[in-house]
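For reference, the structure discussed in these notes is given below.
One-based numbering along the sequence shown. The shown structure was predicted, so the numbers you read here are calculated from the model rather than taken from an experiment. Side chains included, hydrogens not; waters and symmetry mates left out as well; all remaining heavy atoms used. For ligands, and for the atoms within them, numbers begin at 1 and follow the listed sequence.
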Amino acid sequence: MGEFVRVEIEDGVATIRLGRPKMNVLNAQMQGEIAEAARQVSADDDVRAVVVYGGEKVFAAGADIKEMAELSYVTMSVRSERLQGFTKALAAVPKPVIAAITGYALGGGLEVALAADFRVAGEGARLGQPEIQLGIIPGAGGTQRLARLVGPARAKDLVFTGRHVKADEALAIGLVDRVVPDADVYAEALKLAERYKNGPAVALRAAKQAIDSGLDVDLDTGLEIERLQFSALFATEDQKIGMKSFVDEGPGKARFTGR
Ligand code: HXC
């Protein structure tokens, strides 16, 4: 268990809890701990869905500017691979991942949220990629995942200006999927996660992989990824259970095993 990142598992849902006073600022150690937490929940078959939560006040105010301020080009060019590594590890979790955002999700903090599948935000949340104001650009996936999520023009608006987006605008542009009162953010994210905990885990993994990989390739290659994943699912117990249950009992009654 890390100093700044804890993994709490309850009833099939893991919470990756960020905790570094005051703003969950992501120093190098914390980035490593997020990567480690992502690998842990990926490997644990009992974990069926994941929530990433920064606590009641703040999601994460970005990478640690004080730590980065004096870095040279040479140091950063080596370190930048690791910098992308922690959000890559999170994006690669083969299960549904939901970011529960209260307060600020800025810079590297927003990039953590972008590596999730869904984002629930509190009414007081503020999201942005303010790196331009530091004379840099997003470095943990922000130029890529943001553009894929909200489109290139909106991503450029946010990245060129560095402005903070409030929850209602974030919802309108698809940057977050749901806005709830601040106090309800974590409970709402858990509720979304719980939807998946008795689901067909192998099919959910295949669906996530097909959609995410497909976004990076041409349509024919994407369709081929889908075709292979689709046929592979006929080797699972859950495909047999799901279809038999439909035939015998009607839709939505299947009791999946996750195998
Ligand atoms: C280091 C930070 C920090 C950060 C806040 N703090 N954000 N320290 N790095 N990213 C520190 C402040 O220095 C201050 O420390 C304390 O947290 C509280 O912050 P305040 O500014 O006093 O609070 P407030 O006025 O409420 O403003 C909050 C804020 C602002 C809007 C979040 O702090 C802010 O703009 N922070 C920077 C956000 C940012 O630029 N993020 C992108 C970083 S670059 P003291 O000791 O004075 O109490 C990045 C690159 C990603 O993320 C690369 C890949 C990972």
Measure the distance from [atom] to every protein heavy atom, then report the residue, atom name and distance (to 0.1 Å) of the closest one.
atom                    : result
atom 48 (O) of ligand 1 : Lys22 NZ, 2.3 Å
atom 20 (P) of ligand 1 : Met23 CE, 4.6 Å
atom 41 (N) of ligand 1 : Ala61 O, 3.0 Å
atom 34 (C) of ligand 1 : Leu106 CD1, 4.6 Å
atom 13 (O) of ligand 1 : Lys66 NZ, 3.1 Å
atom 2 (C) of ligand 1  : Val25 CG2, 3.6 Å
atom 31 (C) of ligand 1 : Tyr104 CZ, 3.5 Å

Original post:
Of the non-hydrogen atoms in Leu71 and Met76, which two are nearest, and what is the gap between them?
Top reply: CD1-CE, 3.5 Å

Check whether any side-chain N or O of [X] sits under 3.5 Å from a backbone N or O of [Y] as a donor-acceptor pair, and report yes or no.
X      : Y      : value
Thr257 : Arg259 : yes
Arg48  : Gly199 : yes
Thr87  : Glu111 : no

Original post:
Does at least one non-hydrogen atom of Gln133 fall below 4.0 angstrom from an atom of ligand 1?
Top reply: no

Original post:
For Pro130, is the nearest heavy atom under 4.0 Å from an atom of ligand 1?
Top reply: yes

If you count the atoms of ligand 1 from 1 in the order shown, which ones are under 4.0 Å from a heavy atom of [X]?
X      : result
Leu83  : 53 (C), 54 (C), 55 (C)
Met68  : 44 (S)
Ala140 : 54 (C), 55 (C)
Asp64  : 1 (C), 9 (N)
Gly107 : 42 (C), 52 (O)
Gly62  : 52 (O)
Leu134 : 40 (O), 43 (C), 44 (S)
Glu131 : 44 (S), 49 (C), 50 (C), 51 (C), 52 (O)

Original post:
Parallel under 30°, tilted from 30 to 60°, perpendicular over 60°: which one fits the rings of His164 and Tyr104?
Top reply: perpendicular

For [atom], is the nearest protein heavy atom under 4.0 Å away?
atom                    : answer
atom 55 (C) of ligand 1 : yes
atom 17 (O) of ligand 1 : yes
atom 36 (N) of ligand 1 : no
atom 22 (O) of ligand 1 : no

Per-residue contact class, [X] against ligand 1 - non-hydrogen pairs under 4.0 Å:
X      : value
Glu111 : side chain
Ala63  : both
Arg126 : neither

[X] side, atom [atom1]; [Y] side, atom [atom2] - distance, nearest 0.5 Å:
X      : Y      : atom1 : atom2 : value
Leu192 : Ile98  : CG    : CD1   : 5.0 Å
Asp177 : Leu175 : CG    : CG    : 9.0 Å
Asn24  : Leu106 : CG    : CG    : 11.5 Å

Subject >> Lys240 atom NZ: more than 12 heavy-atom contacts under 6.0 Å >> reply: yes

Original post:
Should we count OH of Tyr73 as having more than 12 external heavy atoms under 6.0 Å?
Top reply: no

So, [X] and [Y], do they make that salt bridge, N to O below 4.0 Å?
X      : Y      : result
Glu33  : Arg20  : no
Lys95  : Asp117 : no
Lys191 : Glu188 : yes
Lys244 : Asp248 : yes

Subject >> Heavy-atom check, side chain of Tyr186 versus side chain of Arg17, under 4.5 Å >> reply: no

Original post:
Has ligand 1 got any nitrogen or oxygen that is less than 3.5 angstrom from a nitrogen or oxygen of Ile65?
Top reply: yes

Subject >> Contact check: His164 vs ligand 1, nitrogen or oxygen atoms, below 3.5 angstrom >> reply: no

